[in-house]
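Within every chain, numbering begins at 1; the chains are lettered A, B, ... in the order of the sequence lines, protein sequences first and strands thereafter.
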Amino acid sequence: QKEVEQDPGPLSVPEGAIVSLNCTYSNSAFQYFMWYRQYSRKGPELLMYTYSSGNKEDGRFTAQVDKSSKYISLFIRDSQPSDSATYLCALYGNNRLAFGKGNQVVVIP
Amino acid sequence: DSGVTQTPKHLITATGQRVTLRCSPRSGDLSVYWYQQSLDQGLQFLIQYYNGEERAKGNILERFSAQQFPDLHSELNLSSLELGDSALYFCASSGQGWENTIYFGEGSWLTVV
């Protein structure tokens with residue numbers, strides 16, 4: 001079992017829809033949880049991070065963490081074409097950052 | 001602009017050759033991380049340095065090595081290159097604690113022919 005599982009399947013949604021992405025993990029050493037956005041093989045940029053179970057909102061983005069289930073989610077409300085990118089979950093623990101494989105999201109105008 | 005600078009941006013080289021990728025972290029950041037990203041493997045952690053010392057090691061091949069210099073810049077050396085080493089190599093940096101967040105450079109595209 002991989003440390004971080006993120007179903008890498010592409011996701012196409014119409015503009016204005018809610019995008020829902022998730023990752024699962026197996027190692028309890030991961031204590032900090034992040035979502036990165038990556039455009040066209042550019043460097044990943046940090047979208048959100050949290051270290052506690054529960055929800056964290058930032059504009060149209062909501063990150064959700066359930067440590068007991070080892071499950072994290074990212075929701076994008078009112079999706080825009082500019083949200084089209086690859087989204088990677090990332091977990092930090094033991095001095096390293098482990099990434100999921102990423103989901104390519106396409107928002108269709 | 002994340003403040004992390006990587007050179008070269010693109011590199012084409014032949015199998016069996018050796019290349020060096022360079023990274024300058026954000027000003028003041030003590031930690032440098034190296035990642036490899038290929039189409040089928042996603043982002044793979046290679047190695048981390050903190051203030052000149054190796055701190056954590058991931059899936060780094062023995063043909064690869066890295067170091068962080070006193071001025072905090074870092075180099076990733078890739079030797080005896082194989083076709084499968086073709087990938088995007090990212091450097092990232094962070095401050096003293098993870099809470100300072102990890103910032104990525106734009107990557108170095110390596111193509112081995």
query = Atom CG of B/L43 and atom OH of A/Y36: how far apart are they, to the nearest 0.5 Å?
reply = 10.0 Å
query = Side chain, backbone, both or neither: which part of B/Q37 has an atom under 4.5 Å from a heavy atom of chain A?
reply = both
Which portion of B/S38 sits near chain A, non-hydrogen atoms under 4.5 angstrom = backbone
query = With hydrophobic residues grouped by side-chain heavy-atom distances under 4.5 Å, do B/Y89 and B/V4 end up in a single group?
reply = no
message = On a heavy-atom basis, which atom in A/Q38 and which in B/F90 lie closest, and how many Å separate them?
response = NE2-CZ, 3.4 Å
Which atom pairs, one a donor and one an acceptor, fall under 3.5 Å between side chains of residues 69-76 of chain B and the rest of the protein, sequence neighbours left out?
unit_1 : atom_1 : unit_2 : atom_2 : d
B/D71  : OD1    : B/H73  : N      : 3.1
B/D71  : OD1    : B/H73  : ND1    : 2.7
B/D71  : OD2    : B/H73  : ND1    : 3.2
B/S74  : OG     : B/W34  : NE1    : 2.9
B/S74  : OG     : B/Q67  : O      : 2.9

ask   = Any chance the rings of A/F99 and B/F104 have centres within less than 6.0 Å?
value = yes
task = Is it possible for you to say whether B/L46 and A/L88 belong to one hydrophobic cluster, with membership spreading through side-chain heavy-atom contacts below 4.5 Å?
result = no
Neighbour count above 12 (heavy atom, 6.0 Å) for A/Q104 CD = no
Under 3.5 Å, side-chain donor or acceptor atoms of residues 81-88 of chain B against the rest of the protein: list the pairs with distances, not counting sequence neighbours.
unit_1 : atom_1 : unit_2 : atom_2 : d
B/D85  : OD1    : B/R63  : NH2    : 3.0
B/D85  : OD2    : B/R63  : NH1    : 2.8
B/D85  : OD2    : B/R63  : NH2    : 3.2
B/D85  : OD2    : B/E82  : N      : 2.7
B/S86  : OG     : B/L83  : O      : 3.1
B/S86  : OG     : B/V112 : N      : 2.8

